[in-house]
Amino acid sequence: MGDWAALLEGFATAAQPEYLLYALLGVTLGTAVGVLPGIGPAMTVALLLPLTYTLEPTAALIIFAGIYYGGMYGGSTTSILLNTPGESSSVVTALEGNRMAKAGRGAAALATAAIGSFVAGTIATVLLTALAPTIADIAVQLGPADYVALMVVAFTTVAALLGSSPARGLASLGLGLFLGLVGTDTLTGQQRFTLGMATLSDGIDVVVVAVGVFAVGEALYVAARLRHGPVEVVPVGGKWMTGEFWRRSWKPWLRGTFIGFPIGTVPAGGADVSTFLSYAAEKKLSKRPEEFGKGAIEGVAGPEAANNAAAAGVLVPLLTLGLPTTATAAVIVAAFQSYGIQPGPLLFTNNSEMVWALIASLYIGNVMLLVLNLPLVKIWVKVLQIPRPYLYAGILLFAALGTYAVNFVVDDLVVLLIIGLVGFFMRRHGYPVAPLVVGLILGPMAEEQVRRTLQISEGDLSALVTSPFAAVAYSILALVLVLTTVLRLRRRKPPVTTGA
């Protein structure tokens, strides 16, 4: 009961007018960026990181959590009305939602997406509240070798399961690990890969890399692929949730929730995998399978619920272990670190008031998002008509100003431009950017834990794999990689044809 009492104290903090305004600002920004194609929560959090340094940590993190949840809501609007997902996790929603909109049932598609997001987000946040403190208590007992195992699992799964191929994911991870080595070695005091530049002696700032990859790189990539001419938006038509739509939606909402949350807690599971699994489950269980591909409401309700449940699931390893498993989670870890706070098992002990206020704000933000997304949907449609050149020029301007404001050093702008160009070419050639940021954040932490393990074992390398927890973690990792490889090979295997 102590955890629930702490949550009530968190509500007392989050319900203060100041924090309510920050939560409203976060969910509003999140919905807006979710609506806009090509601008996701990761980019927005990265862009705002330098601009929130004047805020106290609780206020800044409430804003970022609101952006994260709001981005999941907003992506459905673009998918349904424009058939252009604002987030990769909204791709599945576009399959049925856009066909519903074209058939004159756009209002029902938007309503089932918004209500399903609210239901799933609330249930998943309850599960986060119940599970996170227990996992943190267990994690406190882990040793350095166990943390090395966890980070290896995160590295490998994020690199192998994201992007178009494992090789590209590993290349992106390798680049992130290399960037994490730049700076002064804390043990020996020697400079590494600094090229004699004083700016690099303290390492490459995570904020600069995050803004460069997600804001500058993404803005350049989207600008290079801009469509000319006006954007065609399907009008919002038809009735909202009728009795039939309620009956057909509530089960997919619940199924999507319990598919999305556990997958979100697994490294590299994320919302993308859960939405496709939810869609496949609804298609298999539906009494009207013939409607799938033509505008089945179950194909919107289930994946949208899975999407938002996975978003809450991602916060479990982030808050309890300090492991980011998505691009946005990686940037939120950078936000924690910018305030000198390390997410992990001690977070609930050392920063109890802040973390419970953050979790309480997720409940409040869910209610705000429901209000923002149902009655005000026509306002979000107007956002789609913002001229793209103005939008991305503004993003580049704020990226440059925010980066300069971190240290007030011009050299940071040069690093920002280089990282932005790297991010652009990575996106252009199909290299995922999430492993790069994960490698940059977790790389120095992994190096520290490896050194600590070897110091305790007096240089015995077997200590890295002999602890029970580490042995189990590596065994599960090997099993996942084998299964993933088998599934990839089966997909590539051509179907057997028989002659007549």
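Computed from a predicted model, the values in this text were never measured in an experiment. All heavy atoms count here, side chains included; hydrogens, waters and symmetry mates do not.
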Applying ring-ring contact (aromatic ring centres under 6.0 Å, His included) to Phe425 and not counting sequence neighbours gives none

When rounded to the nearest 0.5 Å, the distance separating CG of Leu173 from CZ of Phe155 is 6.0 Å

Show your reasoning for whether side-chain contact (heavy atoms from CB on, under 4.5 Å) applies to Leu454 and Leu461.
CA-CA 7 Å; Leu454 295 179; Leu461 291 174; 3.8 Å; yes

N/O donor-acceptor pairs under 3.5 Å from side chains in residues 17-24, not counting sequence neighbours:
| residue | atom | partner | partner atom | Å |
| --- | --- | --- | --- | --- |
| Tyr19 | OH | Glu56 | OE1 | 3.1 |
| Tyr19 | OH | Glu56 | OE2 | 2.6 |

Tyr363 meets the ring-ring contact (aromatic ring centres under 6.0 Å, His included) criterion, sequence neighbours left out, with Phe11

Taken in chain and number order and not counting sequence neighbours, the residues that satisfy side chain to side chain donor-acceptor pair (under 3.5 Å) with Arg192 are Glu447

With a 4.5 Å limit on heavy-atom distance, are the side chains of Pro324 and Leu442 in contact? yes

Across all chains, not counting sequence neighbours, the ring-ring contact (aromatic ring centres under 6.0 Å, His included) partners of Tyr147 are none

Note: Pro262 and Thr257 closest approach over all heavy atoms is CD-O, 4.4 Å

When rounded to the nearest 0.5 Å, the distance separating CE of Met354 from CD1 of Ile62 is 9.5 Å

Checklist line | Heavy-atom side-chain contact between Leu150 and Phe469 under 4.5 Å | finding: yes

Residue pairs meeting salt bridge (Lys or Arg N to Asp or Glu O under 4.0 Å), one or both in residues 425-434, sequence neighbours left out, come to Glu218-Arg427

Between Leu413 and Ala400 the two heavy atoms that sit nearest each other are CD2-O, 3.4 Å

Residues at least two apart in sequence or cross-chain that pass side chain to side chain donor-acceptor pair (under 3.5 Å) with Asp137, listed by chain then number, are none

Decide yes or no for Val153 and Leu323: does some side-chain heavy atom of the first lie under 4.5 Å from some side-chain heavy atom of the second?
-> no

Whether Ser172 side chain and Leu436 backbone form a donor-acceptor pair below 3.5 Å
yes

side-chain hydrogen bond (donor to acceptor under 3.5 Å, both in side chains) pairs touching residues 471-482, sequence neighbours excluded, are none

Rounding to 0.5 Å, atoms CD1 (Ile135) and CG (Leu319) come to a distance of 10.0 Å

Residues Leu220 and Gly420: closest non-hydrogen pair is CD1-O, 4.4 Å

Nearest heavy-atom contact between Ala14 and Ala357 is CB-O, 3.8 Å

For Asp146 and Ala470, the nearest pair of non-hydrogen atoms, with its separation, is OD1-N, 3.5 Å

Between Leu128 and the options Val316, Val314, Thr320, the side-chain contact (heavy atoms from CB on, under 4.5 Å) test singles out Val316

Those residues at least two apart in sequence (or on a different chain) that pass ring-ring contact (aromatic ring centres under 6.0 Å, His included) with Phe348 are Trp356

Rounding to 0.5 Å, atoms CG (Leu25) and CD1 (Ile63) come to a distance of 5.0 Å

Nearest heavy-atom contact between Pro345 and Ala139 is CB-CB, 3.6 Å

Tyr69 meets the side chain to side chain donor-acceptor pair (under 3.5 Å) criterion, sequence neighbours left out, with Thr125

request  = Measure the shortest side-chain to side-chain distance between Asp412 and Tyr404 over non-hydrogen atoms and say whether it is less than 4.5 angstrom.
outcome  = no

For residues 168-188, the ring-ring contact (aromatic ring centres under 6.0 Å, His included) pairs (sequence neighbours left out) are Phe178-Phe193

Quick one, Leu179 with Ile419, criterion side-chain contact (heavy atoms from CB on, under 4.5 Å). Give me CA distance, side-chain angles, the key distance, then yes/no. CA-CA 10 Å; Leu179 293 177; Ile419 296 293; 4.2 Å; yes

- Message: Between Val333 and Gln337, is there a side-chain heavy-atom distance shorter than 4.5 Å?
- Response: yes

Q) Does any non-hydrogen side-chain atom of Tyr339 lie less than 4.5 Å from one of Leu61? A) no

**Prompt:** Do the non-hydrogen side-chain atoms of Ile456 and Pro144 ever get within less than 4.5 Å of each other?
**Reply:** yes

Rounded to the nearest 0.5 angstrom, the OG1-CG distance for Thr265 and Leu131 is 8.5 Å

| query | Can any side-chain N or O of Ser278 pair as donor or acceptor with the backbone N or O of Gly256 at less than 3.5 Å? | reply | no

| query | Can you list the steps and then say if Tyr68 with Leu315 is a side-chain contact (heavy atoms from CB on, under 4.5 Å)? | reply | CA-CA 10 Å; Tyr68 184 36; Leu315 294 177; 4.1 Å; yes

(Q) Evaluate Val216 against Thr403 for side-chain contact (heavy atoms from CB on, under 4.5 Å), listing each step before the verdict. (A) CA-CA 11 Å; Val216 177; Thr403 300; over 6 Å; no

Contacts of Thr194 meeting side chain to side chain donor-acceptor pair (under 3.5 Å) (sequence neighbours excluded), chain-then-number -> Gln191

* Side chain Ser467, main chain Ala463, donor-acceptor under 3.5 Å -> no

Interatomic distance, CE@Met445 vs CE@Met151, rounded to 0.5 Å, equals 4.0 Å

